Structures are given as C-alpha cells and as structure tokens.
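Please read all numbers here as calculations on a predicted model, not as lab measurements. Here is how names work: the chains are called A, B, and so on, in the same order as the sequence lines, proteins then strands, and each is numbered from 1. Heavy atoms only: backbone and side chains are in, while hydrogens, waters and symmetry mates are out.
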Amino acid sequence: MINKVVAGADEAIHDLKDGQTLMLGGFGLCGIPENCINALVRKGIKDLTCISNNAGVDDFGIGLLLQSRQVKKMISSYVGENAEFERQLLSGELEVELIPQGTLATRCLAAGYGMPAIFTPAGVGTEVAEGKEVRNFNGKEYLMEYAFEADFAIVKAWKGDTAGNLIYKSTARNFNPVMATAGKITIAEVEELVEAGELDPDQIHTPGVYVHRIFQGVDYEKRIEQRTLRSKNP
Amino acid sequence: MINKVVAGADEAIHDLKDGQTLMLGGFGLCGIPENCINALVRKGIKDLTCISNNAGVDDFGIGLLLQSRQVKKMISSYVGENAEFERQLLSGELEVELIPQGTLATRCLAAGYGMPAIFTPAGVGTEVAEGKEVRNFNGKEYLMEYAFEADFAIVKAWKGDTAGNLIYKSTARNFNPVMATAGKITIAEVEELVEAGELDPDQIHTPGVYVHRIFQGVDYEKRIEQRTLRSKNP
Amino acid sequence: MLDKNGIAKRIAKELKDGFYVNLGIGIPTLVANYIPEGINVVLQSENGLLGMGPFPIEGQEDPDLINAGKQTITTLPGSSIFDSALSFGMIRSQKIDLTILGAMEVSEHGDIANWKIPGKMVKGMGGAMDLVASAKNIIVAMQHVNKAGESKLLPKCSLPLTGVNCIKKVVTELAVLDILPEGGFQLLERAPGVSVDYIKQATAGRLIAPEDTPEMKFD
Amino acid sequence: MLDKNGIAKRIAKELKDGFYVNLGIGIPTLVANYIPEGINVVLQSENGLLGMGPFPIEGQEDPDLINAGKQTITTLPGSSIFDSALSFGMIRSQKIDLTILGAMEVSEHGDIANWKIPGKMVKGMGGAMDLVASAKNIIVAMQHVNKAGESKLLPKCSLPLTGVNCIKKVVTELAVLDILPEGGFQLLERAPGVSVDYIKQATAGRLIAPEDTPEMKFD
C-alpha cells in the first residue's frame with residue numbers, strides 16, 4: 001500500500017503558496033483541521049482564498065487566519081458572528097462570496113466526482129442566480145453551478161491509516177469527506193493514525209486514493225460554539 | 001423512529017405493477033436482492049423495465065425474470081453470458097439499452113441527490129452520444145445525461161435496522177447504495193434485521209430516509225459467477 | 001394572540017406520523033417540544049444528521065455532535081450521520097417531508113425573504129436557499145408584523161429573496177394562513193381572541209378572510 | 001514475439017511507485033503478476049474496491065468479494081470499499097493514475113474500439129467507456145493483428161468506438177508504440193527477434209519506425 005504519512009502539520013502544508021485556493025473542512029468549529037490552521041498561521045502565507053462553510057470565531061478556527069490577515073477571499077454559506085471578519089469586510093480588506101450551503105457541498109462533490117458542473121434549484125429567482133445559466137428540467141428551474149477548483153483541501157478526520165483512508169466521527173464529518181475528494185492535493189489530519197489494515201475496509205468514509213498527506217494531530221481543543229443543555233429533570 | 005419493517009418479499013413488492021420501472025442492485029450475481037427477485041417471479045407481473053448493471057445468468061438473478069418473460073426492457077452496462085437473454089434480444093421480444101457503467105451509477109446518484117442531469121465524458125464521440133447534448137467545459141467534451149426515474153428501487157444489504165438504515169458488506173455494496181437513494185419507493189432486503197439503535201450511526205451506508213420498506217431475507221444462495229482461485233503453494 | 005411557544009405548538013399540529021422534518025433556527029426549533037402523542041417524526045439537521053434528539057444534559061455534551069445551529073445535541077436510536085453533500089442531496093430529492101423556518105417577509109405568491117437586509121452586515125443564507133427551493137412542503141413561522149408595526153405578509157417582498165413561489169403555509173402570532181396557488185393569503189384560523197378585522201389590518205398582501213374563520217384549537 | 005505473459009510483463013515496467021491502477025479483463029489482469037520489486041501500486045476494481053489482492057486459495061472465496069470481471073478475489077491491508085458512483089467518481093476525477101485495457105482496434109489518433117462487433121451479440125461496454133474517457137494515462141494491451149491476419153493498428157477504427165483520442169500507448173506481441181499527439185504510431189521498442197520491417201507490415205496506421213529501434217529489455 002502507498003504510504004501517505006508526513007511528520008506533522010508544518011510538513012503537510014510546506015508547499016502551500018501565497019494566493020492559492022484552499023478548502024477547509026468543518027461546520028462551525030466542529031470537525032475543523034485545527035493543527036493545519038495553526039500551521040498556516042505560523043507559515044504566514046497570504047492572499048488565500050478559503051472555501052469553507054463558515055469563517056470560525058474571532059480567536060479560533062479560520063478566525064485566526066483572518067486575524068493575521070492571510071485571507072483575501074472567503075467562499076462560505078454563513079459567516080456568523082466574527083467581529084474581525086465584519087471589520088475587514090466593511091473596510092474592503094476582505095472579499096466574501098456567499099453561496100447556499102447545499103451548493104457549496106455539491107460543488108465540492110462535483111470536483112471529487114469529476115463532474116464539471118451540477119444543477120441545483122437553490123437560489124433560482126434570487127441574487128445568487130445573477131449571471132448564472134438557468135435551465136428548466138421537467139417544469140422546474142435550476143442554476144448551473146461549477147465544480148470548485150482548489151489547490152489544497154485540508155480536512156480533519158477521527159481515524160486514519162497510513163494509506164490515507166479516513167473515518168469521521170459524528171457530525172464532525174460534515175464537509176470533510178466531500179472536500180477530501182475535491183483538492184488537487186488533499187491533506188488529512190486525524191486524531192488517531194493507525195497502520196494500513198487496522199481499519200475495516202467497509203467502514204472507510206474517504207478512500208485513501210483521495211488523500212495525499214496524512215498525520216496524527218496534537219492538542220485538539222474542539223471548542224464548542226453553542227453549548228446548549230437541557231436540565232437533568234425535565 | 002419510523003418503523004419501515006414489512007413481513008417479507010411478497011409484502012414488500014405487493015403494489016408493484018405491470019409496466020413499471022425497477023432498479024435492481026448488484027454487480028453480476030454479487031449483492032443482488034435474491035428474495036425480491038423470487039417474489040417478482042411468483043407475482044408474475046409483466047412488461048417491466050429493469051435498470052441493473054447486469055442481467056444475471058440463465059437460471060439465477062434477473063435471468064429468472066427473463067426466463068418467465070417479465071422484462072420488456074433492460075437498461076444495463078454489461079449483459080454477459082445469458083443464452084435466454086440473447087434469444088429474446090435477437091427475436092425482438094426484449095429491448096436493451098446499453099449505457100456505460102459509470103453513467104449508469106451516476107444517473108442513479110443524480111436521482112438520489114435531486115440533480116436532474118449530470119455531465120460525463122463517457123461515450124463522447126461514440127454511438128452512446130447519439131441524440132445527446134454535448135457540452136464543452138475547460139476544453140473537454142461531456143455528455144449531458146439525465147437522472148433516472150424509477151418507480152421502485154430494490155436493494156440488498158448486509159445489515160439493516162427497523163428505521164431503514166443499511167450497511168453493506170464488501171463488494172456486495174456496488175450499485176445498491178446509489179439505487180437505494182433513487183427509487184420513488186425503495187425496498188431493502190437484508191441478511192440481518194436489527195432494532196433501531198443497534199447500528200452505529202457513523203457506519204450507516206444508506207440513511208433510513210431513503211428506505212421505505214425493509215425485511216430480513218431468507219435462504220441466500222449467493223451464487224459465485226467466476227470462482228477463481230490461486231494454488232495454495234505459489 | 002400567541003407567544004413563540006404558541007406558534008410552535010400550533011405548527012406541531014401539522015406534523016404527520018412518519019414525517020422527516022427539518023427545523024430552522026428560532027421558533028421552528030421549539031416545535032420539537034410539542035410533537036403530538038403518537039406521532040413519530042424524525043428530525044433532520046442539514047449539517048449531516050437524521051434522528052436528532054434533545055439537547056444533552058450537563059457533562060454529556062460532545063463537541064463532535066452539533067446541529068445546524070451549532071448547538072450541542074444528542075441522537076436518538078436509529079439515527080444516521082452523513083456528509084453535507086448527501087444531506088442536501090436528500091433535501092433536493094425531496095425525502096424531507098416538511099421544512100419549518102422563519103422569515104422576515106413572505107409574499108402573497110409564496111416568495112420568502114429571510115437572509116439579508118441591505119445596509120446591514122450579511123451573515124449568509126446557510127442552507128435556507130437550498131431548503132426553500134427543494135422542499136415540497138414549507139411552513140413559515142414568524143411574527144405577523146415587524147418591530148416597526150409593518151406587515152410582513154406582503155404583496156411583494158421588499159428585501160432580497162431567499163426563494164420564489166415556494167411557501168405554502170404561514171403561522172404567526174395572529175393566524176394560520178395558506179398561500180393560494182393563484183396568489184393570496186387564505187386565512188384558515190385566528191389565534192385565540194384575535195378578530196378577523198385585526199388580521200386584515202396586519203396583512204398588507206391580498207387576504208381572503210371569511211368572517212366565520214374559526215379560532216385555533218389546541219389539544 | 002511475446003506471448004500474453006510477455007506483453008503483461010512489458011507493461012508492468014510502465015508502473016511507477018505510488019500508482020493507482022485499473023486493470024481490464026484479459027492480458028491486463030496478468031500485469032498484476034509482474035509488478036516490479038520495490039514498486040508499490042494499488043489496484044482499483046471499478047465495482048467498488050481499492051487495494052485488490054490476489055485470487056483466494058480454495059475455501060477462502062467470498063461471494064461478496066469479487067472484482068469487475070466477477071472473479072473471486074481478496075483484499076490487501078489498507079483496502080477500501082465504496083459504491084459504484086464513487087468508484088466512477090474517482091475515475092472521472094483522474095485519481096486513477098493508469099488504466100490498462102484490451103482492444104479490438106486502435107487508431108493512429110488514439111481512438112479505441114473494444115466493445116461491439118456489428119452483427120454479433122453485444123455484451124455491453126461495462127466500465128470501458130468511462131475509463132477511456134477519463135483516464136489521464138491509458139495503455140492498450142493487445143495482439144498486433146487479428147485472427148484473419150489484419151492489423152489492429154489502423155488509420156481509423158472500423159468498429160464502433162469506445163472512446164476518441166484517448167490512447168497514449170500500445171503494447172503488443174511485436175512492439176511498444178506511443179501514439180503521437182499529432183497522430184501516428186511511434187515505434188519505441190521491438191519484441192525480441194522481431195524486425196522493424198515485420199512491424200511495418202503488421203501496422204496499417206501511420207507508423208514512425210526508426211531503423212535502430214531497440215529491442216525490449218526485461219529485468
């Protein structure tokens with residue numbers, strides 16, 4: 001089996017360059033590649049275009065890349081509460097393209113499945129449709145949306161093996177599997193890295209062929225954005 | 001959780017009618033819904049259009065439906081060795097539409113993902129392209145292929161639960177998950193049916209929302225089409 | 001006049017046994033608290049979960065298990081996890097029977113605006129545009145009038161649209177209304193103590209309001 | 001002149017460390033027996049498997065574990081199973097580095113015909129059309145001439161096409177040939193004991209055949 005293991009986040013992103021396009025997995029702060037984001041901050045590369053469903057919070061996740069002004073453009077469906085984000089957007093330092101969440105996911109899918117474009121009804125009749133081809137199938141209108149092109153996809157999984165196979169845990173899965181299929185180079189950080197052969201082939205979520213570099217991450221904080229509880233005695 | 005359990009194959013297919021379109025999972029004889037095929041033969045409904053990668057062999061799998069002349073049209077990628085199939089085709093009793101295997105899989109995917117059409121390069125410049133829209137993306141030509149519409153999808157899984165969640169085993173997975181997403185009504189037969197809650201949510205291959213009826217099958221023969229062995233001492 | 005919980009409770013009566021349901025943020029989330037006895041529904045969260053359960057008790061929260069509002073949640077027996085592409089795949093292919101979401105404005109033609117106010121910081125549409133464009137059955141839960149006292153049920157939306165010609169039913173603190181295929185709000189029920197005249201004054205869009213419109217019934 | 005195993009052995013020299021490879025039925029399947037020492041490749045089977053191993057020994061065959069030729073097989077450590085849509089997804093998105101398949105005819109422009117003979121029972125194209133339309137690197141393994149003694153390397157295919165302008169290299173019992181971007185077969189190597197003249201006579205398409213074309217080397 002082909003060995004995809006690198007030493008850590010810094011080695012994994014060593015050839016990432018100013019001005020490139022990255023996909024970053026995660027939904028909110030759940031399932032984000034914490035180690036690689038920290039390494040990107042350390043590396044200090046600039047003018048990045050980031051495709052990610054959200055933009056983190058001020059002091060965690062992609063918010064860290066915004067703080068250090070490394071992001072030129074965000075492509076997201078929801079940018080939430082992030083004061084630094086808002087400041088950069090209003091000052092014109094940051095460009096933002098907001099697209100429907102399903103369109104975001106499906107444009108990743110299209111890239112990973114080798115489909116140059118897909119059709120979705122999301123956004124028909126809204127400003128999202130501006131400049132896009134509208135096509136009628138069976139009496140319903142759809143927008144044609146293009147597959148993403150990303151220089152790197154950076155994802156976080158729960159377990160992975162040396163051959164690059166990935167298994168995600170719970171809703172930390174979210175965008176990670178579709179982004180993993182969509183990068184020209186895909187980097188996976190995992191909580192536990194095992195030898196090829198230790199994972200059940202039937203339970204692999206992302207086959208290793210899609211993953212170019214893999215390493216076991218350290219010190220996961222896994223910050224909770226909206227801790228919501230019910231009382232013990234309802 | 002919503003209970004999808006039916007008593008068996010006969011109940012599962014009770015409302016299937018002459019002239020309807022069915023998807024049948026499996027690759028060769030691997031992962032085919034044996035119980036439902038037998039029930040279809042018992043029920044004797046006719047003029048079926050069957051979407052399935054293969055057409056079985058003379059006396060097993062979809063071959064049984066051909067023997068009893070219940071199939072009007074096969075949509076497949078490879079119809080293999082099947083003398084009765086060949087006889088009916090040459091005599092004009094049977095209509096056959098051959099389409100590339102990836103196109104077949106992706107037209108199922110399109111249906112399950114609510115995409116009316118997809119683009120694939122498979123078949124460009126060949127007779128498969130006749131009458132189809134050809135479109136150039138980034139200098140490469142693609143055919144536009146439509147999502148399938150199937151009245152029923154009938155699939156076989158390894159384990160399933162009462163909520164309709166499915167897990168497949170080994171390469172018996174093949175077309176089953178994409179077809180499961182693509183039927184107006186999806187019927188799943190499983191080797192082992194368990195209570196909701198017994199399967200790990202992270203390991204579900206087909207979420208229950210796509211499955212309308214489920215039952216535990218009996219007497220699986222699992223015939224091997226090409227038993228190929230290596231010698232013990234190479 | 002209903003409070004938020006009243007609106008949620010009234011909407012919960014629209015749930016049918018066997019429904020798969022997507023609940024938006026705000027009042028829609030509250031609907032989960034009022035699912036009628038004997039009605040089995042499965043809640044979908046578009047970040048990749050079917051079979052969402054209640055919020056966890058303290059100490060049981062799992063950072064890897066959240067809903068589309070980023071809240072910690074739990075799963076119920078029979079749940080399944082999947083990626084975002086399949087999640088919106090099942091939404092687009094109409095496997096989700098009912099979507100309930102909030103709105104800033106709804107038009108008499110079923111258009112909805114709920115994601116952007118010009119001049120204010122835009123947070124994004126999230127999954128709302130996918131949901132309204134795909135769902136076969138959408139109920140809007142919202143206040144009948146905005147804070148300035150202006151009707152949110154309009155002849156035409158003034159805000160940027162989220163979706164066109166897609167809303168079938170609106171439940172507010174004042175009324176239950178269907179949106180007719182030919183356009184117009186059909187008043188079906190009045191909130192307790194609210195008169196037809198009051199609803200007429202609070203509705204800017206075309207309203208069909210029979211004088212004998214019944215009051216809502218609970219339980 | 002090479003036998004089938006010789007063709008497979010010569011093609012195996014084209015494998016590079018780290019390649020993901022799809023092997024068609026027939027001679028291509030034999031390539032797996034000649035993977036050079038120190039070269040790690042992963043075999044994909046388009047019915048949904050990466051990491052295909054050898055055929056099982058008697059008693060170990062599993063009806064649920066087959067390859068695209070419907071043969072019983074095994075898996076190697078690090079293998080993964082997936083559905084047919086993802087399998088062709090990774091083929092279309094060019095994650096498979098090399099495809100090796102048989103052919104009835106190949107044209108000097110890289111067209112290939114390998115699925116249908118008019119007047120004969122048609123079995124279907126299986127996954128061949130997807131593979132040839134998508135793969136970035138395709139090698140055809142075939143006999144140089146057919147049973148009637150006619151060349152299978154042609155100016156233009158006479159049989160219905162499987163794919164257009166997609167084949168980069170052909171290995172036959174006589175020769176290794178590249179197909180040039182501008183059209184034409186570039187002779188690279190002769191099989192042991194086969195003369196350039198012999199290859200010229202067996203090739204109907206445009207052939208660029210230097211007189212000093214070297215003989216193939218094995219090991």
Notebook entry, point to check: Which pairs with one or both residues in residues 154-163 of chain D pass salt bridge (Lys or Arg N to Asp or Glu O under 4.0 Å), sequence neighbours excluded?
Noted result: none
Next item on the list: Of all the heavy-atom pairs spanning D:Asn47 and D:Ser84, show the shortest one and how long it is.
Entry: O-OG, 4.3 Å
Notebook entry, point to check: If you tally heavy-atom pairs under 4.5 Å against chain D, which of B:Leu104, B:Asn176, B:Thr171 wins?
Noted result: B:Thr171
Next item on the list: Under 4.5 Å heavy-atom distance to chain B, tell me which part of D:Gln60 shows up: side chain, backbone, both or neither.
Entry: neither
Notebook entry, point to check: Between B:Cys108, B:Pro100, B:Ala55, which shows the greatest number of heavy-atom pairs under 4.5 Å with chain D?
Noted result: B:Pro100
Next item on the list: Heavy-atom pairs under 4.5 Å with chain D are the metric here; pick the option from B:Gly123, B:Ala129, B:Cys30 that has the most.
Entry: B:Cys30
Next item on the list: Go through the atoms of D:Thr162 and report whether side chain, backbone, both or neither lie under 4.5 Å from a heavy atom of chain B.
Entry: backbone
Item checked: Contact residues of residues 126-139 of chain D (partner chain B; heavy-atom separation under 4.5 angstrom) -> D:Gly126, D:Gly127, D:Met129, D:Asp130, D:Ala133, D:Ser134
Check: Can you say whether D:Phe55 sits under 4.5 Å from chain B via the side chain, the backbone, both, or neither, judging by heavy atoms?
Finding: both
Checklist line | Per-residue contacts, residues 140-149 of chain B versus chain D, heavy atoms under 4.5 Å | finding: B:Lys140
Note to self: Taking salt bridge (Lys or Arg N to Asp or Glu O under 4.0 Å) as the criterion, tell me which of B:Lys222, B:Lys156, B:Arg223 meets it with D:Asp64.
What the structure shows: B:Lys222
Item checked: Per-residue contacts, residues 98-122 of chain D versus chain B, heavy atoms under 4.5 Å -> D:Trp115, D:Lys116, D:Met121, D:Val122
